[in-house]
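Here the structure comes first, spelled out in structure tokens, and everything after it is commentary.
Owing to the predicted nature of the structure, the values given are computational and were not obtained by experimental measurement.
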Amino acid sequence: MPSSNTTIVSRCTIYPDQKSTTIETLQLSVSDLPMLSCQYIQKGVLLPYPPYSIDDLITFLKHSLSVALSHFPALAGRLQTDPSGHVHIVCNDAGVDFIQAKARHLSIHTILSPTDVPECFKGFFAFDKTLSYSGHSKPLMAVQVTELQDGIFIGCSVNHAVTDGTSFWHFFNTFAEICKGSKKISNSPDFSRNTLFNSPAVLKFPAGGPKVTFSGDEPLRERVFHFRREAILKLKFRANNSDLICNSAEIFGKQRNDSWKAANGESNGKVATLFLVKDKTAEISSFQSLCAQLWRSVTRARKLMPSNMTTFRMAVNCRHRLEPQLEPYYFGNAIQSIPTTASAGELLSKDLSFGAELLHRNVVAHDDGTVRKGISDWEKEPRLFPLGNFDGASITMGSSPRFPMYDNDFGWGRPLAVRSGRANKFDGKISAFPGRDGNGSVDLEVVLSPDTMTGLENDDEFMQYVSEIV
């Protein structure tokens, strides 16, 4: 494993290049508040070495960050709890941390080639193990730029009570866009706080603030598994067509031409009918199919008793689920967690479609009414979000392959990889990223106990879909 030694070269505070005058405070919503016991989000991009000096790069990044903060004044603020117990973001232009670091003993090949994600990535982020509640006294964001032998890693740590993944990547993309030279940003954040998520409910905290809800001390292994589009389509076919007994390879090849054949009156077969008649709410999606396979294989690797109940928990974006919909670039958290349960025996004795259908039904059912009920239930009993694997039989899926993680061109090309830090990781924590090659490919960042990871790696049903990352 590459050494994780990272040397801090300098540290400073970056302020918005224009004072915040339009927004003074933003009250945390019912989707923001539960995240105060979560650690800061830590995500970043690995880039090739820029075509200019590291000193020039640091100058460009500091200036671009300052300009970006003017569009996202909430990130340069601090948290404050008022006398009534409501928590606000005070947009006071207090600034964010900017850290220059170096790890020139590490090369791109050295940190991307090992099977497991090297420990060194944890040294590329600030605010390690910092709870979001600490934003009352600490900056809400930090950017760390680490110089490698032949590359650069730009790591961003952001308070999870201030942003979800959608808002995080919106900011990160804007930061890159400005660094590349854009004078006008593509998408402005929406800071409205007149949404259903805003509530008079008060979340009470113990003295000194909340504690992390998982130990963080247990031994873990972390791997990124890459799935090409073709493999995911095979999974989707399995999930949607369990009742077909025929040559699946032949049908998979035919599947791509079914739409054209149907348009030309040539589709008479059962398979074509299945693929064309199902609407989007009836068809199990590619991602749900992939999640179902992971659920099955991790459950098998854990060697649970058949009667053990397992849970697959998935975070969903609620912006488009509400009626009327929130703005796509609503800034803040607008997520809810969907738990899907099944006994280990049922999940493993039945085919892939069983678990996939359970996940699919839950996601489709999470509509305006379900979102509103979730908000109402929380208001009756305000509580923090309990991250962790408390029964040894849970999986928590975060992030999304829809996030534009590879759209971050700071001026000299797309990222070579996306990686995360130590934050919010425990046995069963999975993060979904788009594959770098695009075209519907997906990377799963999988964190498991060492024994379970070994079991997953020996699970032929799972590994047949995994490809080498190129």
Side-chain angles (χ1 to χ4, degrees), residues 112-117 219-253 255 284-308 310-312 314 340 342-360 389 392-397 401 427-433 435 437 439-470:
L112 290 187
S113 58
T115 300
D116 286 22
V117 176
L220 297 171
R221 281 186 59 198
E222 181 180 340
R223 268 195 70 172
V224 175
F225 293 97
H226 179 63
F227 301 87
R228 292 179 180 160
R229 178 176 181 268
E230 291 75 15
I232 295 174
L233 284 177
K234 288 179 183 178
L235 277 166
K236 182 178 181 180
F237 181 84
R238 270 183 62 205
N240 281 286
N241 297 278
S242 62
D243 56 330
L244 292 183
I245 305 173
C246 50
N247 188 327
S248 62
E250 178 185 345
I251 294 169
F252 179 67
Q255 179 188 342
I284 297 167
S285 74
S286 301
F287 188 59
Q288 291 157 6
S289 305
L290 177 58
C291 287
Q293 182 60 66
L294 181 74
W295 190 11
R296 279 169 61 84
S297 295
V298 169
T299 299
R300 184 158 43 228
R302 284 174 169 163
K303 300 176 181 176
L304 302 174
M305 296 291 291
S307 59
N308 281 144
T310 70
T311 303
F312 192 102
M314 186 182 297
T340 303
S343 71
E346 273 192 310
L347 196 62
L348 296 179
S349 64
K350 299 185 178 181
D351 57 32
L352 178 69
S353 63
F354 172 75
E357 182 66 32
L358 291 178
L359 293 171
H360 171 72
N389 179 12
S394 297
I395 293 172
T396 299
M397 174 65 75
D427 175 25
K429 174 65 189 298
I430 319 294
S431 296
F433 302 159
D437 45 331
N439 195 33
S441 62
V442 174
D443 288 342
L444 291 183
E445 178 193 77
V446 177
V447 181
L448 294 169
S449 71
D451 287 347
T452 304
M453 184 68 85
T454 299
L456 183 64
E457 291 170 332
N458 291 324
D459 189 283
D460 292 339
E461 185 185 359
F462 178 79
M463 293 301 293
Q464 66 177 313
Y465 299 104
V466 176
S467 300
E468 291 291 324
I469 299 177
V470 292

Pairing residues for Glu357 by the side chain to side chain contact (heavy atoms under 4.5 Å, CB included) criterion, not counting sequence neighbours
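Scan of Glu357 (side chain to side chain contact (heavy atoms under 4.5 Å, CB included), adjacent residues dropped) gives Ile284, His360, Arg361.
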
Residues in side chain to side chain contact (heavy atoms under 4.5 Å, CB included) contact with Ser353, at least two apart in sequence or another chain
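Residues passing side chain to side chain contact (heavy atoms under 4.5 Å, CB included) with Ser353: Ser242, Asp351.
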
Could you pull out all residues at least two apart from Glu461 that satisfy salt bridge (Lys or Arg N to Asp or Glu O under 4.0 Å)?
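Residues passing salt bridge (Lys or Arg N to Asp or Glu O under 4.0 Å) with Glu461: Arg238, Arg296, Arg300.
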
Sequence-distant partners of Lys303, salt bridge (Lys or Arg N to Asp or Glu O under 4.0 Å), two or more places apart
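Counting only residues at least two positions away or on another chain, Lys303 forms no salt bridge (Lys or Arg N to Asp or Glu O under 4.0 Å).
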
Looking only at non-hydrogen atoms, find the nearest pair between [X] and [Y] and report the distance.
| X | Y | result |
| --- | --- | --- |
| Pro401 | Val442 | CB-CG2, 3.9 Å |
| Gly455 | Ala301 | C-CB, 3.7 Å |
| Leu304 | Ala393 | CD1-CB, 3.7 Å |
| Pro450 | Pro219 | CD-O, 3.3 Å |
| Ala292 | Leu359 | N-CD1, 3.7 Å |
| Ala239 | Leu352 | N-CD2, 4.0 Å |

Does Ser343 reach the main-chain N or O of Ser307 with its side chain, forming a donor-acceptor pair under 3.5 Å?
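No; zero donor-acceptor contacts below 3.5 Å.
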
Sidechain-backbone polar pair: Asn308 side chain, Ala344 backbone, donor-acceptor under 3.5 Å
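No, Asn308 side chain to Ala344 backbone: no donor-acceptor pair under 3.5 Å.
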
Mind checking side-chain hydrogen bond (donor to acceptor under 3.5 Å, both in side chains) for Ser394 and listing every partner two or more places apart, or none if nothing turns up?
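With sequence neighbours excluded, Ser394 shows a side-chain hydrogen bond (donor to acceptor under 3.5 Å, both in side chains) to Asp391, given in chain and number order.
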
Could I get the full list of side-chain hydrogen bond (donor to acceptor under 3.5 Å, both in side chains) partners for Arg221, not counting sequence neighbours?
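Asp116, Glu457.
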
Less than 4.5 Å apart, side chain to side chain, heavy atoms only: is that true for [X] and [Y]?
| X | Y | result |
| --- | --- | --- |
| Lys429 | Asn389 | no |
| Asp437 | Arg229 | no |
| Met453 | Val446 | yes |
| Ile430 | Val298 | no |
| Arg302 | Asp427 | yes |

Roughly how far, to the nearest 0.5 Å, is [atom2] of [Y] from [atom1] of [X]?
| X | Y | atom1 | atom2 | value |
| --- | --- | --- | --- | --- |
| Leu294 | Leu456 | CG | CG | 6.5 Å |
| Gln293 | Gln464 | CD | CD | 7.0 Å |
| Phe354 | Leu348 | CZ | CG | 10.5 Å |
| Asp459 | Thr454 | CG | OG1 | 12.5 Å |
| Leu358 | Lys350 | CG | NZ | 8.5 Å |
| Ser285 | Leu235 | OG | CG | 11.0 Å |

For Arg228 and Asn439: C-alpha separation, side-chain torsions, deciding distance, then whether side chain to side chain contact (heavy atoms under 4.5 Å, CB included) applies.
CA-CA 8 Å; Arg228 292 179 180 160; Asn439 195 33; over 6 Å; no

Centroid-to-centroid, Phe227 to Phe287, below 6.0 Å?
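Ring centroids of Phe227 and Phe287 are no less than 6.0 Å from each other.
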
What class does the angle between the rings of Trp295 and Phe312 fall in, given that below 30° is parallel, 30 to 60° is tilted and above 60° is perpendicular?
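Aromatic pair Trp295/Phe312 classed tilted.
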
